[in-house]
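Just so we're on the same page: letters track the sequence lines, and every chain starts at 1. Values below: all heavy atoms of this structure, side chains included; hydrogens, waters and symmetry mates excluded.
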2 protein chains.
Amino acid sequence: MANYCSPLDEVFLALGDPTRRAIVSRLGTGAASVKELAAPFAMALPSFMKHLGVLERSGLIRSKKQGRIRTCELEPATLRTAETWMAEQRAMWESRSDRLAAYVESLHAKEKTNGH
Amino acid sequence: MANYCSPLDEVFLALGDPTRRAIVSRLGTGAASVKELAAPFAMALPSFMKHLGVLERSGLIRSKKQGRIRTCELEPATLRTAETWMAEQRAMWESRSDRLAAYVESLHAKEKTNGH
DNA sequence: GCAATAGTTAGCCATATGGCTAACTTTAGC
DNA sequence: GCTAAAGTTAGCCATATGGCTAACTATTGC
C-alpha cells in the first residue's frame with residue numbers, strides 16, 4: 001500500500017507491450033547486442049531503442065557498451081519482484097477462498113446434524 | 001511470438017498502476033462495491049471508474065450491477081495467466097544458466113585432469 | 001584514413017492515459 | 001413521489017507512449 005510510484009509500476013508497464021515481452025523472452029536465452037535484438041522487428045531502430053530504454057529503466061534488463069556494440073542482458077531479480085507480487089495476491093485470494101470453502105463446509109455439517 | 005495484441009498486454013498494463021494494483025489487492029480479500037473500492041482514494045469517481053474499466057477490460061476483475069450497486073470481484077484465472085508467463089520466462093532463464101553453470105563446471109574439471 | 005557498421009540524438013506526429021468538472025440516470029428509502 | 005445515494009456519460013486538459021525520419025557520433029576493418 002501507499003505505492004508512491006513503486007518500481008513495480010515500471011516493471012508491469014514494461015511488460016505490457018508485446019515487443020518488450022518478446023525482447024525479455026529472447027534475452028532469456030542469453031545476452032545479445034541491440035542489432036541482434038532488433039532484427040526480428042519491423043521497426044525503425046530509434047523506435048526499438050525506446051523499448052530497450054523502457055526495459056532498462058524498469059530494471060528488467062541491463063546493458064553496457066563495449067566499443068560500438070551495446071550488449072543487453074536480462075536481470076532476472078527484477079522479473080522476480082513482479083512474480084512475487086502476483087504470488088502474494090494469489091496467496092491472499094486462495095487463503096480467503098479456503099476459509100470460504102471451510103465455512104461452506106461447516107454449514108453443510110451443521111445442516112446434517114440438524115437432520116435437515 | 002507473433003503477439004498481435006495479446007490479452008497479456010492488457011493484464012500487464014492494468015497492473016502497471018499503483019491504484020489498480022491496490023484495487024486488485026483489496027479484491028483479494030473479497031468482493032466489494034464501487035463505492036467501497038473507491039473510498040481509500042483521493043480521486044473523483046469518474047477517474048476511479050476508468051481504473052475499474054481498465055481492470056475489467058483486462059479480465060482481472062468481473063463486475064455486475066444489482067439495483068444501483070455494482071459489485072466487483074477478482075478473476076484469479078487472469079492473474080494466473082500473467083504469473084504463468086513470468087514463470088515460463090524464469091524457467092527459460094534458469095535452464096540456460098544451469099547449462100552455463102554445468103559448462104563452467106566442465107571447464108574446471110577439464111583443467112584439473114590436464115594437471116593445470 | 002575512409003567507408004561501413006552500430007548506435008544515438010533531435011524533433012515531429014497521432015493516439016492513449018489519467019486526471020478533472022458538470023450534468024444526467026437509476027434505485028432505494030422515507 | 002421526492003430526495004439522497006450510487007453510478008454513468010460527456011467533454012476538457014496535460015502528459016506519456018509508440019511510431020517515424022533525418023542527421024549525427026563513434027568504432028571497426030580494410
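- Between B:Glu83 and A:Arg90 a salt bridge is recorded (basic side-chain N to carboxylate O distance below 4.0 Å).
- Residues from residues 60-72 of chain A with heavy atoms under 4.0 angstrom of DNA chain D, sorted by number: A:Gly67, A:Arg68.
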Apply side-chain contact (heavy atoms from CB on, under 4.5 Å) to the pair A:Glu10 and A:Leu60, showing each step before the final yes or no.
-> CA-CA 9 Å; A:Glu10 311 261 5; A:Leu60 280 167; over 6 Å; no

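- Residue A:Ser33 is classed as a sugar-phosphate contact, given heavy-atom separations below 4.0 Å to backbone atoms only.
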side-chain hydrogen bond (donor to acceptor under 3.5 Å, both in side chains) between B:Ser63 and B:Glu73, intermediate numbers included = CA-CA 6 Å; B:Ser63 79; B:Glu73 179 169 24; over 6 Å; no

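- Taking 4.5 Å as the limit, every side-chain heavy atom of A:Leu52 sits out of range of all side-chain heavy atoms of A:Arg70.
- Using a 4.0 Å cut-off on heavy atoms, the residues of residues 36-58 of chain A that approach DNA chain C are A:Leu45, A:Pro46, A:Met49, listed by number.
- Protein atom CG of A:Asp17 is 14 Å distant from nucleotide atom P of C:dA16, rounded to whole Å.
- Contact check for B:Cys72 versus B:Leu27: side-chain heavy atoms found under the 4.5 Å cut-off.
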Residue pair B:Leu79, B:Leu15: steps toward the side-chain contact (heavy atoms from CB on, under 4.5 Å) verdict | CA-CA 10 Å; B:Leu79 204 55; B:Leu15 293 176; 4.3 Å; yes

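- The aromatic rings of B:Phe12 and B:Trp85 sit perpendicular to each other, their planes meeting at more than 60°, with 30° as the lower class boundary.
- Under the 3.5 Å distance criterion, with hydrogens and angles disregarded, no donor-acceptor pair is assigned to the side chains of B:Gln66 and B:Thr71.
- Rounded to whole angstrom, the span from the CG atom of A:Leu13 across to the C1' atom of D:dA16 amounts to 10 Å.
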